[in-house]
Amino acid sequence: MKRYDVERAQYLQNRFSLTPAVATIISRLDFQADEQVAAFLSPKIAHLKSPFEIENLDSAVKRLIRAIQQRESIYIWGDYDADGVTSTVLLVKILNELGVYPDYCVPKRMDEGYGLSDDIAQRVVEAGNTQLFIALDCGSNSLEPITYLIDNGIDVIVIDHHQLKTDVHDEVILVNPHAEANCSTYCDLCTVGLVFKFVQGLLRQLKEMQFPLSEHIKLKYYLDLVAVGTITDLVPLTFENRILVQYGLYRMGRTQRPGLQALMELSGINYGKSLDTTDVSFRLGPRLNAGGRLGDAMISIELLLGENYAKSMKLAYELDSMNQERQEIERKIVEDAMQTIDGNPREDFYSLVLFNADWHTGVVGIVSSRLSKHYNVPVIVLGEEHGFAKGSSRSIDGVDIVAILKECEQHLDNWGGHPMAAGLTLNLDNVEAFRKCFESEVRKYMHAHAECLDCTQNQEVDAVLRPSDITPELLDEIDRLAPYGSGNSEPKFLIQDVTIQSKVIPFGQNNMKFWLTLEDQDFDLMCVSWNCGMDIPDAGRAIDISFKLRWHKWRGKGYPQATLMDWKYVN
């Protein structure tokens, strides 16, 4: 079991009336005060800090208010992933509610690539009617196109969470916590979280001015969008993100947004259901991202902006079809990549950089994610696009991919991202030199942060349970630890020497379930294993199991359910 402070756990158990297992888990979290523990266990919207604590947000709000008052022409430029899409939809919808109708667009990945380019800036200038340009989820490192916009009389606001690599134009209003001297907790916000803070500040100012229509806007109804963008962008679900996601998941299950309703129906999520982060990560997010990966992310934007359910369902079917195509492309690339890796075994490798000119650059990010989880190392997967190697990286807990890429930027033409994920482009001739540099820098980073990595990557269980510990009280407390994601992983438990009551039942594709007899309990514990590559244990034999534990809701009732992680026979 992971190390913990026994006295601290005992204190938390008594102070907050917790079960020993949950007190043990919380004792490992970096909380310095009881108020932080209380806020973690009971997140509240009231715990959100003033949006004006974020540098330059006040200036951005004032500039947008001036544009609204003077009926200036506004152009919003987003990004093609779910964070960029939800950011764009959130700001456009708020402005529409205020009677303002900006132009908006996101790039086509295969034609225009990521972010704000010189071509886009030139297109906006040549159109001749934009007075305020707002870049969302991009722009922090777009000095040349922003300079071109400003030189042609267009004011620019950038709201972004990617780390800066270049200088920033003196006249741009940049809302990016990574540009601040002291980043604080706001650095964990992705762009849709920052846009939420931005519109929160905007509405606060407009209400003080008694601006028409502002009083009737309820920001809580937009938290569904915030949750989708935050979960899919892999930012830590701690501090304000935890609050936004928890309330956003609740709002999502009751959303009045026809596009989300249609997407949920196609994803097999019942309306009114209490959603969790896995529903977004594995059902809604991939479909919403499919437009940007294989086609046009404007489909996803129109889906979320739409007010007509029939039209929304048509768009949702289109995204679902793209997602199925994406899954097939991804499956083939993963198989190809794993054959390459396993067919060329290397001892003691710390990273993977894989390139194949035939791999679709729209799905290499997902492939990187799968491979990084499978091999537990930072992974970069590259395809060829317009004569360059282009791809995505995914890291593992505790390893800052941006810090490592910065040490290798002499081999890169363009790159950017955040600690867990980044995109990059490089000359084809530089791939091998970059691979060697990346491996070297990952090794250095891991050796320099060895103690921290031992903690973050430790795969041991969080608590050892006795059968009698599995009570409704324990499951209720486990629910309070959610939402789970980066920075707040779902706890793993261990029970020793328990007996499988009946024959293991296979179901679906490579899944299985069985029941365990628990002493001192009046129920048997159902255990489920999804996509299990493990052997199937025999009924009637005693085993040790590691698992995750949750309520399983069915027809209005809750049942304890264990998701099996591993098992072994008791000698």
Worksheet entry | Ser369 and its side chain to side chain contact (heavy atoms under 4.5 Å, CB included) partner, picked from Met420, His374, Arg394 | Arg394
Worksheet item: Is there a donor-acceptor contact under 3.5 Å linking the side chains of Asp224 and Thr255?
Response: yes
Fill in: His178 and Asn176: side chain donor to acceptor below 3.5 Å
no
Worksheet item: Is the NZ or CZ atom of Lys513 both under 6.0 Å from the centre of the six-membered ring of Phe507 and within 45° of that ring's axis?
Response: yes
Discussion item. Counting C-beta onward and ignoring hydrogens, is there a side-chain heavy-atom pair between Met252 and Asp279 closer than 4.5 Å?
Written reply: no
Worksheet entry | Arg28, CZ atom: more than 12 neighbouring heavy atoms under 6.0 Å | yes
Fill in: Lys220 side chain near Ile45 side chain, heavy-atom distance below 4.5 Å
no
Worksheet entry | Met264 and Leu284: CA distance, side-chain angles, deciding distance, side chain to side chain contact (heavy atoms under 4.5 Å, CB included) verdict | CA-CA 7 Å; Met264 287 165 61; Leu284 301 179; 3.9 Å; yes
Discussion item. Tell me if the CZ atom of Phe40 is crowded by more than 12 foreign heavy atoms within 6.0 Å.
Written reply: yes
Worksheet item: Should Glu97 and Lys93 count as an ion pair when the cut-off is N to O under 4.0 Å?
Response: no
Discussion item. Quick test of your reading of the model: are Lys332 and Glu335 salt-bridged, counting only N-O distances below 4.0 Å?
Written reply: no
Worksheet item: If we only count heavy atoms from C-beta on, is the Ile366 to Ile333 side-chain gap below 4.5 Å?
Response: no
Item to complete: Report yes or no: does Ser321 contribute a side-chain atom to a donor-acceptor pair with the main-chain N or O of Tyr317 at less than 3.5 Å?
Response: no
Item to complete: Would you check, one step at a time, whether the test side chain to side chain contact (heavy atoms under 4.5 Å, CB included) holds for Met298 with Val106?
Response: CA-CA 7 Å; Met298 286 298 290; Val106 294; 3.9 Å; yes
Worksheet item: Is there a donor-acceptor contact under 3.5 Å from the side chain of Tyr271 to the main chain of Arg254?
Response: yes
Worksheet item: Taking it one step at a time, do Lys197 and Leu57 satisfy side chain to side chain contact (heavy atoms under 4.5 Å, CB included)?
Response: CA-CA 8 Å; Lys197 304 290 284 189; Leu57 190 138; 4.2 Å; yes
Worksheet item: Say you draw a straight line from NZ of Lys548 to CZ of Phe493; how long is it, rounded to the nearest 0.5 Å?
Response: 11.0 Å
Worksheet item: Is there a donor-acceptor contact under 3.5 Å linking the side chains of Asp30 and Gln32?
Response: yes
Worksheet, complete the sentence: In terms of heavy-atom contacts, Tyr4 and Ser27 come closest through CB-OG, 3.7 Å
Item to complete: State whether the side chain of Arg326 and the backbone N or O of Val363 hold a donor-acceptor pair below 3.5 Å, judged by distance alone.
Response: no
Fill in: Heavy atoms of other groups near Tyr309 OH, more than 12 under 6.0 Å
yes
